[in-house]
Amino acid sequence: MPTPSHRHCPNHPKGGHGDCAGACRGDGIPVIDLGVLLNGNAEQRSQATHELGQACEDWGFFMVINHGVPEALQEEVMDACKELYSLPREEKAEYIAAGPKDPIRIGTGLFYSDIDDAICRRDYMKMIAHPEFHCPAKPAKLRDIAVEYSAQTRQLLLELVKAVSESLGLDRGHISEVLNLESCFQILVGNNYPPYAGLDGVMGISAHSDHGLLTLLFQNGVDGLQVKHNGQWVTAKPLPGSLFIITGDQLEIVSNGRYKAVLHRALVHGGQTRMSFVSLVGPCLDAVVEPVLELAQNDPQGMKFRGIRYRDYMEHQQSSKMNTKAALDIVRVQGDILTCESTPNNSTEADSSGYSPTS
Ligand SMILES: O=C(O)CCC(=O)C(=O)O
Ligand SMILES: [Fe+2]
């Protein structure tokens with residue numbers, strides 16, 4: 001586990017207003033120091049927990065530093081993924097033919113999304129890592145690396161969920177218990193965006209929110225991830241050594257809307273291949289996700305979402321091919337009315353591989 005970092009925040013000049021105990025607003029995107037959050041003294045921890053809550057509330061997105069995931073392991077997982085993409089098509093055929101419910105899936109091709117009125121050009125490999133671990137047989141080294149990477153990032157994300165629970169004024173273990181996170185669902189996704197120059201309206205992945213609780217993401221040094229903040233798209237530029245954290249739909253539901261699942265998308269680069277690697281945790285697939293009662297009771301608008309089994313939520317999201325936050329509408333309560341609108345189909349596949357953000 002990380003230790004408290006005495007790293008000086010680049011946005012707080014030495015001798016000025018101080019060391020960045022847990023988070024700071026730097027170039028706008030919040031930064032959370034996991035070492036401080038977990039192992040700081042009581043005052044530092046409480047400050048960092050508050051800042052984590054603010055980050056989830058204001059942005060639904062932040063960078064985590066001093067997280068303890070070795071850079072070498074990140075490189076290994078990215079390299080193994082690169083090898084997987086470069087295997088001959090026959091070696092990946094069973095995964096390319098797989099559907100959204102299959103534990104391993106490879107997608108490749110072009111998709112038209114009318115959300116962004118853009119052609120999306122993205123290859124991806126998705127594998128379920130928990131509660132059961134699945135992995136393509138080749139390249140042979142992928143399995144050990146992915147086992148290690150999924151275990152380390154799962155531990156990190158579950159620690160963050162505990163701190164998030166505390167930031168909502170709940171017991172540290174509350175969210176983990178009600179969502180049975182010992183059996184949490186976890187997927188790893190490798191995204192590969194070949195360079196695409198010369199055509200306007202081409203992007204990597206169009207605007208969407210992730211269906212889980214928290215998503216951890218790092219990239220190969222090529223920027224392109226954008227998050228929607230105060231109505232504007234902000235390009236996320238990582239601090240060296242940091243990892244991105246994205247809040248997802250299930251966190252919006254359990255927090256009764258206090259923490260928002262952030263809309264995000266990825267652009268392609270004109271001259272370089274962009275790669276990103278995602279580790280997402282969600283509730284146990286059979287857990288019914290609903291707002292924590294205490295939070296709903298303290299909210300003048302009451303309960304904002306009805307309960308839904310996480311498995312059913314994901315199936316709904318996948319079947320309707322939605323790539324914005326519209327999936328949340330099936331559980332959203334408006335006034336006293338539950339919205340059960342027919343689901344818009346706003347992405348058109350240009351091939352058979354299916355649009356599938358982190359799914
Ligand atoms: O590649 C990125 O930066 C974003 C990927 C993403 O949002 C996803 O896989 O859900
Ligand atoms: Fe995403």
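We count ligands from 1, going down the list as the structure has it; atoms in each ligand are counted the same way.
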* **Atom indices of ligand 1, in the order listed, that fall short of 4.0 Å to a heavy atom of Asp210** => 10 (O)

* Asked: Do side-chain atoms of Arg154 reach the backbone of Phe185 as a donor and acceptor pair under 3.5 angstrom?
  -> no

* **Heavy atom of Arg274, distance to ligand 1 below 4.0 Å** => yes

* Between Gln219 and ligand 1, find which residue part has any heavy-atom pair under 4.0 Å and reply side chain, backbone, both or neither. => neither

* Structure fact -> Counting heavy atoms under 4.0 Å, the part of Leu217 that contacts ligand 1 is side chain

* Asked: Any idea which atoms of ligand 1 are less than 4.0 Å away from a heavy-atom of His208?
  -> 6 (C), 7 (O), 8 (C), 10 (O)

* Compute whether any side-chain donor of one residue and acceptor of the other, for Tyr313 and Asp249, lie under 3.5 angstrom apart. => yes

* **Nearest atoms (heavy-atom pairs only) where Ala137 meets Tyr95** => N-OH, 3.5 Å

* Say whether Tyr193 and ligand 1 are in contact under the criterion: heavy-atom distance to a ligand atom below 4.0 Å. => yes

* For Pro131, side-chain contact (heavy atoms from CB on, under 4.5 Å) partners two or more places apart -> none

* **Atom indices of ligand 1, in the order listed, that fall short of 4.0 Å to a heavy atom of His264** => 7 (O)

* Asked: Hey, does the side chain of Gln250 reach the backbone of His211 with a donor-acceptor pair shorter than 3.5 angstrom?
  -> yes

* **Contact with ligand 1 for Asn191, non-hydrogen, under 4.0 angstrom** => yes

* **Closest approach to the Fe ion (ligand 2) by Asp210, given as the N, O or S atom name** => OD1

* Pair Asp223-Thr235, side-chain donor/acceptor within less than 3.5 Å -> no

* Structure fact -> Looking at His264, the N, O or S atom sitting nearest the Fe ion (ligand 2) is NE2

* **Any donor-acceptor N/O pair, His130 side chain to Ala151 backbone, under 3.5 Å** => no

